[in-house]
Amino acid sequence: MILAVGAGIADTVLIPAVHINGGMAAAGLLVRSTSRLTLPIVAVTALISVTSITLYTHISPYAAVLLFTAAVTGNQAYIFSGILNGGGYFYRVAISPIFGAICGSLPTLLLPASDISLAAAFASYEFARLIFLYCARTYLHSKHGCESTSIYRWISRNSLFQALGSVCTGAVPLIHMSFANQLGHGFITYIEYANRYWQIAPLLFSAVILTGFQTTSRLASNQEINIIPIFKHATKLGFFGLFTGIIFACFYSIALPVAYKHNLRPDEIKTVVLLVSIMLIATAPYVASMVCIRAFAVLGQHEVIFFAAIFNIITSTAIDFFLLPTVGVYAIAISITASQVLTYCLIGARMYALGRKTSLKTSDTKK
């Protein structure tokens, strides 16, 4: 949830901002303005999360400080990666985790196994990644010259909406876990297993979505974007997502019983497989929503993303509350799928209406 703030801003705010500004000239301004707006939100969220972890798991205070440092550092690293991605320097962002992994492995090799060594590994990974991205951004910024302040207001407004939306989105899994905890021991584990497995399917579409987002962002910066084709593309990609989800459901129904036959009972394996199968239906609306959300981002309408996140958290909580007494742990899988479907209906309707409005204005102008 904490790192989602920086990742969301890097993806939906900074990449379009670099394109609107015409390149890397305002990279320093983008870093300063975005950091000033997001660091308080990240710091408060990290403090609450780390305090909760400390109270429930009784980890060392030193480990808690390292986790807090890693969260803040990771947020900054995502800001630099968004600027570099917007400038087209993808390979620098792609190789930054290599430096992070090298430095992150040192605490686990040099220190005895403990919560402190694991937290130090996490902090070292994020810190090394930040240093590499900072050096890459500084070198490129020195080549591109002075910066412009015309983009500041756009960044300020949209970063706030995106940061709050990311916090709301990151809170949804915590809500599901709190409801699963009411069912008794072991049910959180089922949800964790299922949640991780179903999220593999949407990852297959991440490269397509990112490439399309980059193209759309550049077109929007030149006032050449057309909404209706993006909506059709999102719907088409959603059908591919549904097909992928069905294939993954068939695969998991065969693979998971074999993988966990020595670790879980047959009834537990059946529960996990059914949970994953229900959640995989959400692949279609999830993928389509990601396309639409990025289209709103390049248009500077981040308030739509924020209200969609609010709508998602409300629907998820309501469905969990009303269905949990009836269908038990399966209510959470139904909640994940249903909230994704309803959120896409909301975002898709807004995008279609915006596209129709733009088309009517264009036809009136031509007449």
Side-chain angles (χ1 to χ4, degrees), residues 1 3-4 7 168-209 234-291 293 308-309 312-313 315-345:
M1 180 176 72
L3 295 180
C168 293
T169 302
V172 172
L174 299 180
I175 293 172
H176 292 318
M177 293 305 161
S178 65
F179 278 103
N181 191 44
Q182 297 176 14
L183 297 171
H185 178 71
F187 286 96
I188 290 181
T189 305
Y190 299 155
I191 295 298
E192 275 292 324
Y193 275 127
N195 209 21
R196 292 180 186 277
Y197 281 124
W198 93 263
Q199 288 181 356
I200 295 174
L203 286 177
L204 298 177
F205 297 88
S206 57
V208 176
I209 294 174
T235 306
K236 188 186 298 183
L237 208 60
F239 280 113
F240 281 111
L242 180 61
F243 179 70
T244 304
I246 293 172
I247 293 176
F248 268 75
C250 296
F251 171 74
Y252 284 143
S253 64
I254 299 171
L256 292 183
V258 176
Y260 291 109
K261 64 180 180 181
H262 299 300
N263 303 93
L264 298 175
R265 299 192 309 268
D267 59 320
E268 293 177 327
I269 295 173
K270 184 179 178 181
T271 300
V272 173
V273 170
L274 189 54
L275 285 171
V276 175
S277 301
I278 297 172
M279 291 178 183
L280 280 168
I281 301 173
T283 305
Y286 180 84
V287 170
S289 296
M290 289 299 101
V291 176
I293 283 173
N312 186 26
I313 199 171
T315 52
S316 299
T317 305
I319 295 171
D320 282 346
F321 179 78
F322 287 110
L323 291 186
L324 197 72
T326 308
V327 295
V329 71
Y330 301 110
I332 296 173
I334 296 171
S335 172
I336 290 173
T337 301
S339 61
Q340 289 293 340
V341 172
L342 292 173
T343 302
Y344 172 65
C345 290

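None of these values were measured; they are calculated from a predicted model. Along the sequence shown, residues are numbered consecutively beginning with 1.
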Show me the donor-acceptor pairs within less than 3.5 Å that the side chains of residues 170-180 make with the rest of the protein, sequence neighbours left out.
unit_1 : atom_1 : unit_2 : atom_2 : d
His176 : ND1    : Asp320 : OD2    : 2.7
Ser178 : OG     : Ile175 : O      : 2.6

Close side-chain approach of Tyr252 to Ile200, heavy-atom, < 4.5 Å: yes

Minimum heavy-atom distance Ile269-Pro257, with the two atoms named: CG2-CA, 3.6 Å

Atom pair CD/CG of Gln340 and Asn312 - distance to nearest 0.5 Å: 5.5 Å

Value rounded to 0.5 Å, distance of CG in Leu237 from CG in Leu242: 12.0 Å

Salt bridge (Lys or Arg N to Asp or Glu O under 4.0 Å): pairs with one or both residues in residues 335-344, sequence neighbours excluded: none

Side-chain (Ser335) to main-chain (Ser316) donor-acceptor, under 3.5 angstrom: yes

Nearest-0.5 Å distance, OG1 of residue Thr283 to CD1 of residue Ile247: 11.0 Å

Which residues share a salt bridge (charged side-chain N to carboxylate O under 4.0 Å, His left out) with Arg196, sequence neighbours left out: Glu192

Atom of Gly238, atom of Ala284 and distance for their closest heavy-atom approach: O-CB, 3.1 Å

Results of side-chain hydrogen bond (donor to acceptor under 3.5 Å, both in side chains) for Tyr286 - residues two or more places apart only: none

Any donor-acceptor pair under 3.5 Å from Thr317 side chain to Ile313 backbone: yes

Tyr193 and Tyr197 aromatic ring geometry - parallel, tilted or perpendicular at 30°/60° bounds: parallel

Under the side chain to side chain contact (heavy atoms under 4.5 Å, CB included) test, residues paired with Leu183 that sit two or more places apart: Phe187, Leu324, Val329

Residues which pass side chain to side chain contact (heavy atoms under 4.5 Å, CB included) with Ile278, listed by chain and number, not counting sequence neighbours: Leu274, Tyr330, Ala333, Ile334, Thr337

Distance (rounded to the nearest 0.5 Å) between Ile281 CD1 and Ile336 CD1: 12.0 Å

Pair listing, side-chain hydrogen bond (donor to acceptor under 3.5 Å, both in side chains) test, anchored in residues 235-246, at least two apart: Thr235-Tyr344

Those residues that, when tested against Ala338, pass side chain to side chain contact (heavy atoms under 4.5 Å, CB included) (two or more places apart): Ile319

Atom of Phe205, atom of Ala201 and distance for their closest heavy-atom approach: CD1-O, 3.6 Å

Non-neighbouring partners of Ser277 that pass side chain to side chain contact (heavy atoms under 4.5 Å, CB included), sequence neighbours left out: Ala249, Val273

Qualifying residues under side-chain hydrogen bond (donor to acceptor under 3.5 Å, both in side chains), relative to Tyr190, sequence neighbours excluded: Glu268

Residue pairs, two or more places apart or on separate chains, that pass salt bridge (Lys or Arg N to Asp or Glu O under 4.0 Å) and touch residues 241-252: none

Closest heavy-atom pair and its distance - Val272, Ala194: O-CB, 4.4 Å

Pairs touching residues 328-345 that satisfy salt bridge (Lys or Arg N to Asp or Glu O under 4.0 Å), sequence neighbours left out: none

